[in-house]
Amino acid sequence: MGAQLIRAEEAVHPRPIWCVTPQNWREIAGGIPAPATAFAEASGFKGEPGALLVLPAADGTIAGVLFGVEETPRDPLAFGKLATSLPAGDYAIAHAPADPRLAAIGFLLGGYRFTRYRKRNGADIRLVVPEGVDAGAVLRTAEAVALTRDLVNTPANDLGPAEIEAAVRVLAARFGAQVNVTAGDDLLAANFPLVHAVGRASPRVPRLIDLTWGDPNARKVTLVGKGVAFDTGGLDIKPSSGMLLMKKDMGGAANAIGLAQMIMARNLPVRLRLIVPAVENAIDGSAFRPGDIFPSRKGLTVEIGNTDAEGRLILADALSLADEEAPELLIDFATLTGAARVALGPELPPAYTDDETLAANLARHGAAEADPSWRLPLWRPYAAMLDGKIADLNNAPGGGFAGSITAALFLQRFVERAGAWLHLDIYAWNPSSRPGRPEGGEAQTIRALDALIAERFGG
């Protein structure tokens with residue numbers, strides 16, 4: 001069961017949690033039973049951020065918990081530490097942190113465990129929903145993040161293109177959405193040549209998954225997610241060390257699926273579309289080669305400079321499809337470039353858009369939700385790097401400069417009609433555990449975007 005949120009009337013003798021700082025610790029101690037205060041003093045507790053102390057009662061039970069926080073928290077999800085550090089039982093916040101809503105979200109996100117292959121024993125810790133916090137909204141968020149993390153954490157032998165499709169179909173059945181799938185050689189007939197080229201070498205056939213939900217006449221929001229179930233690099237094969245995390249190369253699809261669930265669970269008044277090109281970049285005699293040239297759905301020809309730059313190829317066809325109906329908002333998610341991680345690290349995804357209002361709102365909601373991104377420029381002069389020698393575009397410019405920017409500029413060539421376009425070059429992975437963020441697959445930017453879309457489109 002792990003970490004749970006409960007209503008006050010469901011709690012059984014909840015133990016108080018006092019959120020304290022080094023500055024207010026002694027003031028708050030006045031409301032704590034004297035024996036417990038004496039224990040805290042003897043233990044040298046000073047209220048440092050992240051410090052946790054379980055206080056004993058005179059009868060040997062738990063009198064309460066002291067948890068060190070910051071007055072202006074640098075990490076509003078720090079409450080996630082409690083989901084794995086407290087003894088089993090029910091708890092209630094007696095002295096609230098700066099943002100009780102994010103504390104509740106952090107608590108649930110910190111309690112996430114991926115248990116498909118190994119049972120993980122943990123204490124059942126139940127937290128009373130803080131006063132004024134919408135428990136339904138917090139649970140909705142935690143559920144979508146857990147779905148995203150589960151998909152990313154699942155190894156490629158159990159999550160190929162067909163299983164990504166199955167996950168979308170489960171979502172569609174739950175919310176009454178429609179799904180259309182184009183697979184295998186039908187991709188050529190339907191004019192998705194780049195999706196076909198990247199995935200044709202795998203025995204697990206490539207596919208284009210297309211979900212629609214909501215009133216067809218409502219304002220259009222379209223999500224596109226890179227669904228590379230595993231990336232060997234193709235004929236430009238990765239070293240073994242480079243393949244160790246390639247089960248997460250469908251992290252863009254996982255995040256798009258997670259955000260789609262959030263939008264539908266809110267029942268927002270939009271026409272939602274979710275497009276996932278799902279492939280495995282494998283190697284056999286039919287694998288696409290460096291130097292090959294392919295048409296794209298949009299009609300632009302693409303010269304293959306590197307078969308390990310396959311994500312932008314499948315996204316090109318998917319974005320072209322999405323752009324054809326001119327959605328008001330078009331967002332794509334992709335674990336696209338190592339250059340993004342070199343520039344900004346694993347915790348801060350680059351965001352690309354020419355829409356100043358969208359960029360400002362994303363930054364604002366990212367800060368409010370502790371779900372950040374950082375805007376990088378669509379620097380026009382670098383577009384010349386993408387020029388092909390005998391085709392319209394090259395998918396992998398030589399030289400290695402500005403790799404995340406040139407990838408974004410490549411994708412931008414396939415978007416013309418959308419009212420606003422946002423590209424997110426996410427990592428989708430926590431390389432080590434932090435409060436609220438266990439090591440492994442991660443949802444990045446979708447909590448911020450859920451708030452942004454709800455504000456923009458109503459709901």
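Nothing here was measured: the structure is a model prediction, and the numbers come from that model.
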Taking only Lys NZ, Arg NE, NH1 and NH2, and the carboxylate oxygens of Asp or Glu, determine whether [X] and [Y] approach each other closer than 4.0 Å.
X      : Y      : result
Arg7   : Glu9   : yes
Asp332 : Lys226 : no
Arg126 : Asp90  : yes
Glu143 : Arg174 : yes
Glu325 : Arg273 : yes
Glu369 : Arg364 : no
Arg437 : Asp75  : yes

Under the 3.5 angstrom rule, does the side chain of [X] hit a backbone N or O of [Y] as a donor-acceptor pair?
X      : Y      : answer
Arg207 : Val279 : no
Thr307 : Gly233 : yes
Lys247 : Phe230 : no
Asp371 : Thr445 : yes
Trp213 : Phe175 : yes
Thr21  : Asn24  : yes
Asn395 : Ala309 : yes
Asp236 : Asp308 : no
Asp134 : Ala137 : yes
Thr406 : Gly403 : yes

Full working for side-chain contact (heavy atoms from CB on, under 4.5 Å) between Gln178 and Thr212: CA-CA 5 Å; Gln178 303 298 313; Thr212 54; 3.7 Å; yes
Can you tell me how far apart [atom1] ([X]) and [atom2] ([Y]) are? Round to the nearest 0.5 Å.
X      : Y      : atom1 : atom2 : value
Ile331 : Leu319 : CD1   : CG    : 11.5 Å
Ser373 : Asp425 : OG    : CG    : 11.5 Å
Leu223 : Ile453 : CG    : CD1   : 6.0 Å
Asn217 : Lys220 : CG    : NZ    : 7.0 Å
Thr222 : Leu321 : OG1   : CG    : 9.0 Å
Lys238 : Leu244 : NZ    : CG    : 11.0 Å

Return each pair, listed once, that meets ring pair (Phe, Tyr, Trp, His ring centres under 6.0 Å) where at least one residue sits in residues 347-367; pairs must be two or more places apart or across chains. Tyr352-His423
Can you find a heavy atom in the side chain of [X] that is under 4.5 Å from one in the side chain of [Y]?
X      : Y      : result
Leu127 : Gln4   : no
Lys248 : Tyr427 : yes
Val133 : Pro100 : yes
Met250 : Val228 : no
Leu171 : Met264 : yes
Pro155 : Tyr117 : yes
Ile125 : Leu82  : no
Arg101 : Thr141 : no

Any idea which heavy atoms bring [X] and [Y] closest together, and the distance?
X      : Y      : answer
Ala408 : Leu378 : CB-CD2, 3.7 Å
Gly225 : Pro277 : O-CD, 3.2 Å
Ala98  : Pro73  : CB-CD, 3.8 Å
Gly441 : Asn153 : N-OD1, 2.7 Å
Leu344 : Pro349 : CD1-C, 4.3 Å
Ile283 : Gly234 : CD1-O, 3.2 Å

Under 3.5 Å donor-acceptor pairs involving side-chain atoms of residues 49-72, not counting sequence neighbours:
unit_1, atom_1, unit_2, atom_2, d
Asp59, OD1, Thr61, N, 3.1
Asp59, OD1, Thr61, OG1, 2.6
Glu70, OE1, Arg74, N, 2.9
Glu70, OE2, Arg74, NE, 2.7
Glu70, OE2, Arg74, NH2, 2.5

Cation-pi geometry met for Arg15 and Tyr91 (6.0 Å, 45°):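 Yes, Arg15 lies over the aromatic ring of Tyr91.
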Under 3.5 Å, is there a donor on one side chain and an acceptor on the other for [X] and [Y]?
X      : Y      : answer
Gln412 : Asp354 : yes
Asn430 : Glu439 : no
Asp249 : Thr335 : yes
Asn180 : Asp210 : no

More than 12 heavy atoms of other residues, nucleotides or ligands under 6.0 Å from CD of Gln23: is that the case? yes
Test Arg149 against Arg113 for side-chain contact (heavy atoms from CB on, under 4.5 Å), laying out the working first. CA-CA 9 Å; Arg149 290 172 171 175; Arg113 292 295 178 268; over 6 Å; no
Derivation of the side-chain hydrogen bond (donor to acceptor under 3.5 Å, both in side chains) call for Asp323 and Trp421: CA-CA 9 Å; Asp323 192 58; Trp421 169 62; over 6 Å; no
Go through the steps for Leu315 and Phe414 under the test side-chain contact (heavy atoms from CB on, under 4.5 Å), then give the verdict. CA-CA 9 Å; Leu315 287 172; Phe414 298 89; over 6 Å; no
Let's go through Ile446 and Thr148 carefully: what are the C-alpha distance in whole Å and the side-chain angles of both, what is the deciding distance for side-chain contact (heavy atoms from CB on, under 4.5 Å) to 0.1 Å, and is it a yes or a no? CA-CA 10 Å; Ile446 67 172; Thr148 303; 3.8 Å; yes
Quick one, Glu328 with Arg456, criterion salt bridge (Lys or Arg N to Asp or Glu O under 4.0 Å). Give me CA distance, side-chain angles, the key distance, then yes/no. CA-CA 11 Å; Glu328 181 174 333; Arg456 177 167 177 169; 3.5 Å; yes
Step by step, work out the salt bridge (Lys or Arg N to Asp or Glu O under 4.0 Å) result for Arg434 and Glu347. CA-CA 11 Å; Arg434 294 176 292 143; Glu347 301 172 18; 3.3 Å; yes
Ring pair (Phe, Tyr, Trp, His ring centres under 6.0 Å) partners of Tyr112, counting only residues at least two apart: none
